[in-house]
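Order of listing sets the numbers, starting from 1, for every ligand and every atom in it.
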Amino acid sequence: MISKFYKFFLCLSVLVLSIALPLLGQEDFPIYLDNTRSLEARVDHALSLMTLEEKVALTHAQSKFSVRGVPRLGVPELWMADGPHGIREELLWNAWQPAGWTNDSTTAFPALTALAATWNVDIAYLYGKSIGAEARYRKKDVLLGPGVNIYRSPLNGRNFEYMGEDPYLASQLVVPYIQGVQENGVAACIKHFALNNQETNRNHINVKVSERALHEIYLPAFKAAVIDGNVWSVMAGYNKYLGEWCAQNNILLNDILKDSWDFKGVVISDWDAVHNTLLAAKNGLDIEMGTNVPKGKSYQDFYFADPYLKVLKSGQASIDELDDKVRRILRLNFKTAMNSDRPWGSFATKEHAMTARKIAEEGIVLLKNKNQVLPIKSEVKSIAVIGENAVKKLTVGGGSSNLKVKTEISPLEGLQNKFGGNMKISFSAGYSSKKESAVLYDEAIENASKSDLVIFVGGLNKDKGQDSESRDRKEYGLPYDQDKLIVDLAKVNKNIVVILLSGNATAMPWASEVSTIVQAWYGGSEAGNALANILAGDINPSGKLPFTINHSLDDYSAHALGSFPGDSENVEYKEDIFVGYRWNDLKLMEPLFPFGHGLSYTSFSYGKARAVKRNIKSQENPIIKVPLKNIGKRSGAEVVQVYVHDVESSVKRPYKELKAFTKVFLEPGDEEIVVFELPREAFEFYSEKEKKWIYEPGLFKVLIGSSSQEIKQEVSLNLL
Ligand code: GLC
């Protein structure tokens, strides 16, 4: 029989313990590790526990691609990896050489120009989600991408890594990409902030550009990434703006990014882009990466290492400034490396390969299809596949976006996979990027003359001086004498499809002599299968150009005005806001293939567009309705594009600017009323006088079309 006293004692002990234990635990369980607490509380607590040396250690690299954590507090290191199209192979701790791992062969997703050419925000999200999962699986906390520098010249070596000439298109696609990446607990790192629009003299070229062009053309995609995409990090570019390097530029990093846009994330320098400790510390840089320290020196000699510690201790640099950097870095760390709830990711999976194929398919642009040579007809029994790009590895090279891939299906392999069973497919290189060859040329002509169909696969490649980092292209034309080969192939066989793989526009002097032209980008691991699906008609092409393809280099504003690539010190963007189709409109100049152009194997008709209301009060958004019908015989997708024309304005404005678009998938005979609600921003311009975006009431026209040149409908609005 348990005595009453014992029962009482038992209940009392349970009561005391149930109160004491959690309190005991609470004291010993540090706030910064308690993920039931707010992020800011955790960050502040961790900061309060750190020494000066520990804080400084977070602000600079400890290896080529990593930054220290705080071992004493259990805060892990931060690991970064290139690039925007796939996870770069593991490199050595302190060298650009591969580490030789056997488990880091990745999925290559299509280059970002291909993503831009999909004009599909859902695809952009899928892209980010997938590449973020691969970064996560590879235990990378920061993905060094995407890049959104605007395409002002077709000679910029890195345009293949970016999203074209229009700030609105880039803004709309970069946001879902970032959101997809960061759902994996991996930070996206939007780059290269800002005005890094050429590779020539990239490490020091000083960009001179009007404030209006800066805000209307070059900043919008970065602003969308920060404000709409909540990007967790931004990479500061190599070049200068207003005479100061981007990685230590107060106007870009503090005034615009951190103050005006309220960016709470981390500014990471491009590799070896920092030049002064105090300026970088004061002007908004948070993490220094990749500085080329002299031989024998170490990471402790980085600007933000011992030199930074020294000026902090001497009082020349502010501790509060340092604390702000550390808060930002801890915030990012707690959302990534310290985040125990993030998914595990997946790597080089069949699912990701199929995603890569889907993106590549949706990005392929059918530029011309006279005589309906495509899709390939059943009567075709033999195909001559000609061109080095039909077999060349194009996921390799190009600079930091170079990939070691698990697979790369070439165009030839894709065609063999698709048609090999019941068709004769013969390959001739036709030309070589290594050396001129009359033999290759003759073989190709011979092969073409004996086949039912010729599929030429050429374009550019990732060799230096082509589509590659650190150097720009020297010419607008196709290299390796491809133009002559194309013309001669067309002479011996009029059934020719010319397919260009590139990240830039190229001259096409033969465009009127060939019946069918396809722009197929760098399609990644599944490039060949995606291309074959389009050529066979299993997938209906729906890509649209993210940049203008002009007849000649001087048709581009930067070249017409002689302002690319500038001199050895400065480049002045004399074209101001008139980049791309904005320039073509200003000069009433017909491009070879316009921005937003792309054909389909079906046809679409645009019904009468109308505005729900014509007179729009200041707090209202105009709503435009556009009937769209698939009047062809097969399902397909059309990108309905909406451009705004300001009929009367106090400043010179482009004739029209892209301000909305949507990709509509329709079965044959189906019709959809496409609805656009245009926010007030769609009508605004950046006022240099008032230093802000403003709109002027008055008459506007909304131009609806299937490209920037093919305007199908017009609706007038009166903004009150
Ligand atoms: C390169 C590139 C940048 C890349 C970084 C790390 O120079 O400009 O895009 O992420 O260095 O490789």
Can you list the atoms of ligand 1 that are under 4.0 Å from a heavy atom of [X]?
X: Asp270; result: 1 (C), 2 (C), 3 (C), 5 (C), 7 (O), 8 (O), 11 (O)
X: Arg88; result: 12 (O)
X: Leu144; result: 10 (O)

Given that the side chain starts at C-beta and the backbone is N, CA, C, O, which of these parts of [X] lies under 4.0 Å from ligand 1, counting heavy atoms, or is it both or neither?
X: Met80; value: neither
X: Lys191; value: side chain
X: Arg202; value: side chain

Are the side chains of Asp141 and Met80 in touch, meaning some heavy atoms are under 4.5 Å apart? no

Is the shortest heavy-atom distance from the side chain of Leu155 to the side chain of Asn504 under 4.5 Å? no

side-chain contact (heavy atoms from CB on, under 4.5 Å), that's the test. Do Leu285 and Phe304 meet it? Break it down for me. CA-CA 10 Å; Leu285 183 71; Phe304 270 7; 3.8 Å; yes

Spell out, as yes or no, whether a donor-acceptor pair under 3.5 Å connects the side chain of Asn249 to the backbone of Tyr241. yes

Got a sec, which residues hit salt bridge (charged side-chain N to carboxylate O under 4.0 Å, His left out) with Glu211, two or more places apart in sequence or on another chain? Lys691

Among the heavy atoms of Glu161, does any lie under 4.0 Å from an atom of ligand 1? no

To the nearest 0.1 Å, how far is [atom] from its closest protein heavy atom, and which atom is that?
atom: atom 7 (O) of ligand 1; value: Tyr238 OH, 2.7 Å
atom: atom 2 (C) of ligand 1; value: Glu469 OE2, 3.3 Å
atom: atom 10 (O) of ligand 1; value: Asp82 OD1, 2.6 Å

Please tabulate, one pair per line, all N/O donor-acceptor pairs under 3.5 Å involving side-chain atoms of residues 225-235, not counting sequence neighbours.
| from | atom 1 | to | atom 2 | distance (Å) |
| --- | --- | --- | --- | --- |
| Ser233 | OG | Ala188 | O | 2.7 |

The test is ring pair (Phe, Tyr, Trp, His ring centres under 6.0 Å); show your working for Tyr218 and Tyr573 and say whether it passes. CA-CA 11 Å; Tyr218 298 100; Tyr573 290 8; 5.1 Å; yes

